[in-house]
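Notes follow the structure.
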There are 2 protein chains.
Amino acid sequence: MNHIKEYRKAKKMSQYELSQAVGVARQTINLIENDKYNPSLSLCLKLAHVLDTDLNALFWEENNEN
Amino acid sequence: MNHIKEYRKAKKMSQYELSQAVGVARQTINLIENDKYNPSLSLCLKLAHVLDTDLNALFWEENNEN
DNA sequence: TCAATATGTCATATATATTTGACATAAAAG
DNA sequence: CTTTTATGTCAAATATATATGACATATTGA
């Protein structure tokens, strides 16, 4: 589970707007939010920047995942 | 530029040992250390756990990359 | 209640991460 | 000096992230 949806809503952005901001398709954002797949590091970095946060805030859980 | 090599050396691991610890090929570690490509988030998480650190420490630079 | 926008999902295509096997050189150990 | 281990790199194959177009339902707002 990642925290993209929370940070996106905090910025009042739609999935479409976020997708444009980071340069991917809307479906890509949707699938990532729903843990249907595994984004690349460079996309994670772009998401963190656009959402004014960092990698740990979006993707890190102290109690391990894969 | 990421900091995998530094953290790997701090743990006195070879590229091969690290690759086995996270379940990928040695070449994958080598290419990531040399910024030849763009690992998946799940691999980044595994690397952070094995190297006893977190995503920000390995991959985050305040002054943006891509 | 109706229209617009947002989200979830499917199927097909493409780009690229990752694997495997191999070889060369560098570095470390004997 | 010689042998082993570590690293960089290449080429071909495979797995999977991402794109594109489309459609259904949900949500929001007029």
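Every chain is numbered from 1 and lettered A, B, ... according to where its sequence line falls, protein lines coming before strand lines. Bear in mind that the values here come from a model prediction, so they are computed numbers and not experimental data.
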- Item | Partner set under side-chain hydrogen bond (donor to acceptor under 3.5 Å, both in side chains) for A:Lys11, not counting sequence neighbours | A:Asp52

- A:His3-A:Glu61 side chain donor-acceptor pair, cut-off 3.5 Å: yes

- Message: For a quick test of reading the model: is some side-chain N or O of A:Asn30 closer than 4.0 Å to OP1 or OP2 of C:dG8?
- Response: yes

- Query: A:Ile29 has an atom CD1; how far is it from atom C1' of C:dT9, in whole Å?
  - Reply: 16 Å

- Contacts of type side-chain contact (heavy atoms from CB on, under 4.5 Å), residue A:Gln20, not counting sequence neighbours: A:Tyr16

- For B:Asn2, all residues meeting side-chain hydrogen bond (donor to acceptor under 3.5 Å, both in side chains), sequence neighbours excluded: none

- Would you check if the distance from the ring center of B:His49 to the ring center of A:Trp60 is below 6.0 Å? yes

- Taking only heavy atoms on the protein side, list every residue of residues 19-26 of chain B lying under 4.0 Å from any atom of DNA chain C, sorted numerically. B:Gly23, B:Val24, B:Ala25, B:Arg26

I'd like a table of atom pairs between the protein and nucleotides 14-17 of chain C - only N or O on both sides, under 3.5 Å - with the distance next to each one.
none

- Message: Among residues at least two apart in sequence or on other chains, which ones pass side-chain contact (heavy atoms from CB on, under 4.5 Å) with B:Ala10?
- Response: none

- Who pairs with A:Ser40 by side-chain contact (heavy atoms from CB on, under 4.5 Å), at least two apart in sequence or on another chain? A:Ser42, A:Leu43, B:Asn38

- Query: Taking only residues two or more places apart in sequence or in another chain, which ones pass side-chain contact (heavy atoms from CB on, under 4.5 Å) with A:Leu58?
  - Reply: A:Ile4, A:Tyr7, A:Leu47, A:Ala48, A:Leu51, A:Thr53

- Query: Once you round it to whole Å, what is the distance between P of C:dT7 and CD1 of A:Ile4?
  - Reply: 13 Å

- Message: Rounded to whole Å, please give me the gap between CD in B:Glu33 and C1' in D:dA6.
- Response: 11 Å

Between the protein and nucleotides 27-30 of chain D, list the N/O to N/O atom pairs that are separated by less than 3.5 angstrom.
none

- Counting only N and O atoms by type, is there a donor-acceptor contact under 3.5 Å from the side chain of B:Asn34 to the main-chain atoms of B:Lys36? no

- Item | Pair listing, salt bridge (Lys or Arg N to Asp or Glu O under 4.0 Å) test, anchored in residues 18-31 of chain A, at least two apart | none

- What bend angle does the helix from C:dT1-D:dA30 to C:dG30-D:dC1 show across its length, from five-pair end axes and to the nearest 10 degrees? 60°

- Message: Please report the distance, rounded to the nearest Å, between OH in B:Tyr16 and P in D:dG8.
- Response: 17 Å

- Message: If I take atom CG in residue B:Leu18 and atom C1' in nucleotide D:dA6, what distance separates them, rounded to the nearest angstrom?
- Response: 13 Å

- Without swapping roles, check the side chain of B:Glu33 against the backbone of B:Asn30 for a donor-acceptor pair under 3.5 Å. no

- Message: Using a 4.0 Å cut-off on heavy atoms, which residues in residues 5-15 of chain B reach DNA chain D? List them by number, or say none.
- Response: B:Lys5, B:Arg8, B:Ser14, B:Gln15

- Message: What's B:Thr28 touching, base or sugar-phosphate or nothing? Going by heavy atoms closer than 4.0 Å.
- Response: base

- Item | Inter-residue atom distance B:Ile32.CD1 - B:Gln27.CD, 0.5 Å rounding | 11.5 Å

- Whole angstrom value for the distance that separates P of D:dA13 from CD of B:Gln27: 16 Å

- Message: Less than 4.5 Å apart, side chain to side chain, heavy atoms only: is that true for B:Leu55 and B:Leu45?
- Response: yes

